[in-house]
A.B. asks: 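One structure, as structure tokens, below. Some questions next.
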Amino acid sequence: MSLTDPVADFLARIRNAIRARHQKLDVPASKLKTEIARILKEEGYISNYKTQEEEGKQILRVYLKYGGQEAAIRDLARISRPGCRVYIGRDEIKRVQGGLGISIMTTPKGVMTGRQARREGVGGELLCEVW
């Protein structure tokens with residue numbers, strides 16, 4: 001099955017799993033999805049992730065994080081899409097939800113949060129926002 005936007009599919013699967021109160025979810029693995037999961041873990045939005053092989057295909061297993069009745073992730077929004085890419089310079093990086101959320105970007109120095117990109121002094125493609 002070919003996906004036009006695998007990152008949007010990944011974010012939608014996370015959103016649906018949280019609404020269904022699942023503890024984990026499996027998605028087809030890619031380097032970009034693994035980097036997004038790494039950032040979500042570093043920022044405390046998921047408890048863990050790992051890649052493994054099932055039936056000859058790489059799978060990314062994401063373990064979701066809940067605090068009592070509330071999920072750590074309230075919502076996810078895809079910003080840059082295949083039909084309309086959004087690139088921002090280092091001076092255009094804004095805070096998400098007044099500093100309560102994060103933005104995830106691809107930069108020449110790799111995938112990082114907007115806060116890290118501002119600190120490093122680089123811009124790039126704004127993939128998504130999480131809060």
Side-chain angles (χ1 to χ4, degrees):
M1 183 174 144
S2 171
L3 290 174
T4 306
D5 191 0
V7 174
D9 177 66
F10 177 51
L11 298 177
R13 287 182 190 216
I14 291 174
R15 193 178 306 116
N16 292 340
I18 287 172
R19 288 184 180 149
R21 309 287 299 162
H22 290 250
Q23 294 301 313
K24 65 180 187 217
L25 73 128
D26 292 341
V27 295
S30 73
K31 289 180 183 179
L32 182 57
K33 290 181 206 174
T34 305
E35 285 297 305
I36 291 171
R38 177 188 60 80
I39 289 173
L40 290 175
K41 182 179 187 303
E42 286 175 0
E43 295 292 324
Y45 287 103
I46 61 173
S47 60
N48 204 359
Y49 71 96
K50 64 180 177 179
T51 57
Q52 60 190 41
E53 190 168 325
E54 286 184 9
E55 301 173 12
K57 296 182 180 176
Q58 287 291 323
I59 299 293
L60 175 64
R61 180 164 286 165
V62 178
Y63 296 92
L64 301 173
K65 185 175 181 180
Y66 296 94
Q69 295 295 322
E70 286 287 319
I73 297 174
R74 297 186 116 181
D75 203 5
L76 304 140
R78 177 79 158 120
I79 306 299
S80 183
R81 303 177 191 282
C84 183
R85 300 284 184 190
V86 177
Y87 296 96
I88 56 175
R90 63 180 184 205
D91 300 329
E92 300 167 347
I93 301 171
K94 296 182 178 130
R95 295 179 1 165
V96 178
Q97 295 287 316
L100 298 177
I102 62 166
S103 56
I104 300 176
M105 305 176 59
T106 58
T107 67
K109 294 186 177 182
V111 180
M112 59 180 68
T113 65
R115 185 171 45 253
Q116 290 170 327
R118 201 176 312 114
R119 196 175 314 125
E120 298 271 335
V122 294
E125 182 181 1
L126 183 59
L127 293 176
C128 62
E129 292 179 345
V130 182
W131 63 93

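Residues: numbered from 1 along the sequence shown. Because the structure is predicted, anything quoted here is derived from the model rather than measured. Values reported hereafter were calculated over all heavy atoms of this structure, with side chains retained and with hydrogens, waters and symmetry mates removed.
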A.B. asks: Does some side-chain heavy atom of V130 sit less than 4.5 Å from a side-chain heavy atom of L11?
C.D. replies: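 The answer is no; the side chains never approach within 4.5 Å.
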
A.B. asks: Taking side chain as C-beta onward, heavy atoms only, is L32 less than 4.5 Å from V7?
C.D. replies: yes

A.B. asks: Let me check something: do I18 and W131 share a hydrophobic cluster, defined by ILVMFWY side-chain heavy atoms less than 4.5 Å apart, either directly or through other members?
C.D. replies: no

A.B. asks: Looking at G123 and P108, what are the two nearest heavy atoms and their distance?
C.D. replies: O-CD, 3.5 Å

A.B. asks: Does the side chain of V62 come within less than 4.5 Å of F10's, by heavy atoms?
C.D. replies: yes

A.B. asks: Find out if a path of hydrophobic residues (ILVMFWY) with successive side-chain heavy-atom gaps under 4.5 Å connects Y45 to M112.
C.D. replies: no

A.B. asks: Sequence neighbours excluded and cut-off under 3.5 Å, please list the side-chain donor-acceptor pairs for residues 65-72, or say none.
C.D. replies:
residue : atom : partner : partner atom : Å
K65     : NZ   : G44     : O            : 3.4
Y66     : OH   : H22     : O            : 2.8

A.B. asks: Knowing that exactly one of K57, Q58, Q52 qualifies, which makes a side-chain hydrogen bond (donor to acceptor under 3.5 Å, both in side chains) with E54?
C.D. replies: Q52

A.B. asks: Return each pair, listed once, that meets side-chain hydrogen bond (donor to acceptor under 3.5 Å, both in side chains) where at least one residue sits in residues 23-37; pairs must be two or more places apart or across chains.
C.D. replies: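 Non-adjacent pairs meeting side-chain hydrogen bond (donor to acceptor under 3.5 Å, both in side chains): D26-R61, E35-R38.
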
A.B. asks: Quick one: side-chain hydrogen bond (donor to acceptor under 3.5 Å, both in side chains) pairs with a partner in residues 75-86, sequence neighbours left out?
C.D. replies: D5-R78, R15-D75, S80-E125, R85-E125

A.B. asks: With a 4.5 Å limit on heavy-atom distance, are the side chains of R74 and L100 in contact?
C.D. replies: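 No - every pair of side-chain heavy atoms lies 4.5 Å or more apart.
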
A.B. asks: Using links of under 4.5 Å between side-chain heavy atoms of ILVMFWY residues, direct or through other members, which residues join L126 in one cluster?
C.D. replies: I79, V86, I88, I93, M105

A.B. asks: If I take atom CD from residue Q116 and atom CZ from residue R118, how far apart are they, to the nearest 0.5 angstrom?
C.D. replies: 11.0 Å

A.B. asks: Which heavy atom of T4 sits nearest to which heavy atom of P82, and what is that distance?
C.D. replies: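 Nearest pair, atom of T4 first, then P82: O-CG, 3.8 Å.
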
A.B. asks: Under the side-chain hydrogen bond (donor to acceptor under 3.5 Å, both in side chains) definition, can you give me all pairs with a residue in residues 88-109, not counting sequence neighbours?
C.D. replies: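 Residue pairs with at least one partner in residues 88-109: K109-E120.
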
A.B. asks: Taking side chain as C-beta onward, heavy atoms only, is L40 less than 4.5 Å from I104?
C.D. replies: yes

A.B. asks: Side-chain contact test, heavy atoms from C-beta onward, threshold under 4.5 Å: evaluate it for I102 versus V96 and give yes or no.
C.D. replies: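 The answer is no, as the side chains (C-beta and beyond) never meet within the 4.5 Å cut-off.
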
A.B. asks: Under 4.5 Å side-chain heavy-atom separation, chaining through any Ile, Leu, Val, Met, Phe, Trp or Tyr, what else clusters with I59? Say none if it is isolated.
C.D. replies: none

